[in-house]
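The next block holds one structure in the form of structure tokens; read it before the comments.
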Protein chains: 2
Amino acid sequence: MVQVESGRTRILDSAAAILRHKGLAGAKLSDIARGAGMLAPSIYHHFPSKDHLVEEVMMEGIYHNNRHIMARVEGLGSGASPLVRLRAAIVAHVDFLLAGDDYSSAVARVFDDLPDEMRKRVLAAYSSFDNYWRDLIVAAQKDGSASKALDATVVRKFLIAMLDSCSSWYRPGKLGPAQISEQAADLLLYGFATERP
Amino acid sequence: MVQVESGRTRILDSAAAILRHKGLAGAKLSDIARGAGMLAPSIYHHFPSKDHLVEEVMMEGIYHNNRHIMARVEGLGSGASPLVRLRAAIVAHVDFLLAGDDYSSAVARVFDDLPDEMRKRVLAAYSSFDNYWRDLIVAAQKDGSASKALDATVVRKFLIAMLDSCSSWYRPGKLGPAQISEQAADLLLYGFATERP
DNA sequence: GTCTATAATCAGATAGAC
DNA sequence: GTCTATCTGATTATAGAC
């Protein structure tokens with residue numbers, strides 16, 4: 001028997017899609033409800049407020065993305081070098097965003113606009129993810145395969161900002177998602193210049 | 001004789017600072033007015049609407065940043081190689097953002113949230129800037145000092161997203177703005193890995 | 001679980017005095 | 001050029017029928 005998607009899930013899916021494309025202030029409850037096949041007040045049967053709904057989308061986005069990246073990296077097996085693991089994480093992150101996951105794209109889009117208290121909670125949930133990236137980066141430095149001259153925190157911030165941006169500018173065309181993610185990894189790991197200084 | 005900053009300019013400065021820190025929806029006219037030492041309705045003596053005010057902040061931000069980067073690159077003189085010019089542009093962009101220019105930081109913060117029509121106009125103004133980056137990137141590829149395997153457009157998008165992010169996460173600490181901008185340039189040009197594949 | 005009707009709130013904008 | 005008072009419109013949220 002096929003269980004039709006519940007009303008609650010349809011609301012979350014719709015909210016994620018609209019937050020992703022229109023931002024926090026641009027995501028009206030009436031639009032979200034329409035995407036879920038209902039009218040705005042019906043949302044309140046499932047969520048106590050817009051803020052609660054948004055926060056749940058953020059948490060789902062972080063969780064989905066996190067799981068996807070970890071699964072790909074850990075799927076490499078125990079023999080993979082730190083640099084190979086870092087590369088896999090970069091590729092997985094871009095692939096995931098460009099595969100069109102509305103939840104994780106919504107996080108990248110509206111995080112800066114969240115109300116202060118909510119942003120703190122979302123950031124706390126995000127921190128396990130952040131730590132995972134930090135570990136990948138630091139492991140590559142310890143192992144000698146990545147530059148110790150670059151600050152691990154600066155690298156992480158720049159790397160994540162760069163990767164997160166792709167869902168806002170990528171449009172299908174001559175390059176597919178797979179090419180974009182490979183280029184992201186090549187650019188970050190080996191740089192744009194052909195020779196070292 | 002010292003001309004005190006005009007009301008119009010105080011409003012623009014205040015709007016830029018508030019847009020930068022609170023985003024488009026978070027920037028209330030009453031807050032902007034307070035920052036300019038007046039009350040909200042007084043803004044309408046100088047600007048016909050919030051949108052007009054915001055658009056002028058965007059245009060100023062683009063113009064300031066553009067001029068600053070071009071001045072630094074062109075200041076290198078005609079003997080500078082394409083890669084040296086690209087590096088100078090990267091460093092200048094980060095320096096400028098971290099020097100705390102509210103106008104250009106406001107552009108990076110609210111661009112995605114602008115109303116469609118305005119965003120088109122701002123994007124058009126931005127395009128001369130975009131073309132400048134594209135020329136720097138393509139020149140380095142033609143000259144053989146940068147990788148032709150990377151798509152120039154993808155490199156430009158990733159590069160600008162990465163650089164623009166720094167005003168949202170940078171906090172003065174053990175690393176100063178000058179170190180951040182050098183690390184950005186090193187990461188983009190030479191990558192995080194110590195050896196080529 | 002969804003609806004119609006409506007309240008409450010808030011921010012952008014206007015009118016007109018000074 | 002700035003103010004006080006007010007209007008308008010949009011949006012979140014509630015009440016209560018079905």
Side-chain angles (χ1 to χ4, degrees), chain A residues 1-58 106 109-110 112-119 122, chain B residues 1-58 106 109-110 113-119 121-122:
Chain A
M1 166 192 171
V2 178
Q3 168 62 50
V4 171
E5 210 178 26
S6 78
R8 186 184 163 80
T9 304
R10 293 195 330 264
I11 293 168
L12 284 166
D13 287 349
S14 173
I18 293 177
L19 285 166
R20 169 189 185 167
H21 291 110
K22 304 218 234 184
L24 183 61
K28 321 295 182 202
L29 286 182
S30 54
D31 295 337
I32 293 171
R34 180 149 21 88
M38 59 183 69
L39 290 168
S42 303
I43 290 176
Y44 289 89
H45 183 74
H46 303 276
F47 299 91
S49 72
K50 176 177 176 177
D51 276 7
H52 282 79
L53 168 57
V54 169
E55 188 162 337
E56 197 161 325
V57 170
M58 296 294 103
R109 171 71 192 259
V110 310
D112 285 339
D113 294 328
L114 296 176
D116 287 345
E117 294 303 311
M118 194 197 305
R119 195 174 54 249
V122 174
Chain B
M1 168 193 171
V2 177
Q3 168 63 51
V4 171
E5 211 178 25
S6 78
R8 186 183 162 82
T9 304
R10 288 191 338 258
I11 293 168
L12 284 165
D13 286 349
S14 173
I18 292 176
L19 285 167
R20 169 188 185 169
H21 291 110
K22 304 219 234 181
L24 183 60
K28 323 291 182 206
L29 285 182
S30 53
D31 294 338
I32 293 171
R34 180 150 20 88
M38 60 183 69
L39 290 168
S42 304
I43 290 176
Y44 290 88
H45 183 74
H46 302 277
F47 299 90
S49 72
K50 177 178 176 177
D51 276 7
H52 281 80
L53 167 56
V54 169
E55 188 161 337
E56 197 160 325
V57 171
M58 297 294 103
R109 171 73 192 258
V110 309
D113 295 327
L114 297 175
D116 288 346
E117 294 303 310
M118 194 198 302
R119 195 174 54 248
R121 288 190 296 275
V122 173

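These values consider heavy atoms only, across backbone and side chains, with no hydrogens, waters or symmetry-generated copies. So that the names make sense, note that chain A is the first sequence line, chain B the second, and so on, each numbered from 1.
- Of the candidates dT2(C), dT12(D), dC3(D), dT12(D) carries the atom nearest the Lys28(A) side chain, counting heavy atoms from C-beta on.
- Straight-line distance from the CZ atom of Arg10(A) to the C1' atom of dG1(C): 10 Å, rounded to whole Å.
- With values rounded to the nearest 0.5 angstrom, Ser6(B) atom OG is found 7.5 Å from His46(B) atom NE2.
- A salt bridge does not link Arg119(B) with Glu55(B): none of the charged nitrogens is closer than 4.0 Å to a carboxylate oxygen.
- Note: CZ (Phe47(B)) to P (dT2(D)) measures 12 Å, nearest angstrom.
- For Ile32(B) and dG12(C), the CD1 to C1' distance is 11 Å, given to the nearest whole Å.
- Here dG1(C) presents its P atom at 10 Å from CD1 of Ile11(A), a figure rounded to the nearest Å.
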What does the B/S/- profile of nucleotides 13-18 of chain C look like, 5' to 3', with a 4.0 Å heavy-atom cutoff to protein?
BB----
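- Of the candidates Leu12(B), Ile18(B), Asp13(B), Val54(B), Ile18(B) is the only one forming a side-chain contact (heavy atoms from CB on, under 4.5 Å) with Ile32(B).
- Atom P of nucleotide dC3(C) and atom CD1 of Ile43(A) are separated by 10 Å, given to the nearest angstrom.
- Heavy atoms only, all atoms of each residue included: Met38(B) and Ser42(B) are closest at SD-CB, 3.7 Å.
- For the segment residues 13-22 of chain A, no residue has any heavy atom less than 4.0 angstrom from an atom of DNA chain D.
- Of all nucleotides listed (dT2(D), dT4(C), dT4(D)), dT4(D) comes nearest to the side chain of Leu39(B).
- Note: Ser14(B) OG to Ile43(B) CD1 = 7.5 Å, rounded to the nearest 0.5 Å.
- Note that CD of Glu5(B) and CZ of Arg10(B) are 7.0 Å apart. Values are rounded to the nearest 0.5 Å.
- Atom CG of Leu29(A) and atom CG of Leu53(A) lie 7.0 Å apart (nearest 0.5 Å).
- Contact check on Asp31(B) versus Lys28(B) returns no salt bridge, with no Lys/Arg side-chain nitrogen under 4.0 Å from an Asp/Glu carboxylate oxygen.
- Looking at heavy-atom distances under 4.0 Å, Ala27(B) makes contact with sugar-phosphate atoms alone, never a base.
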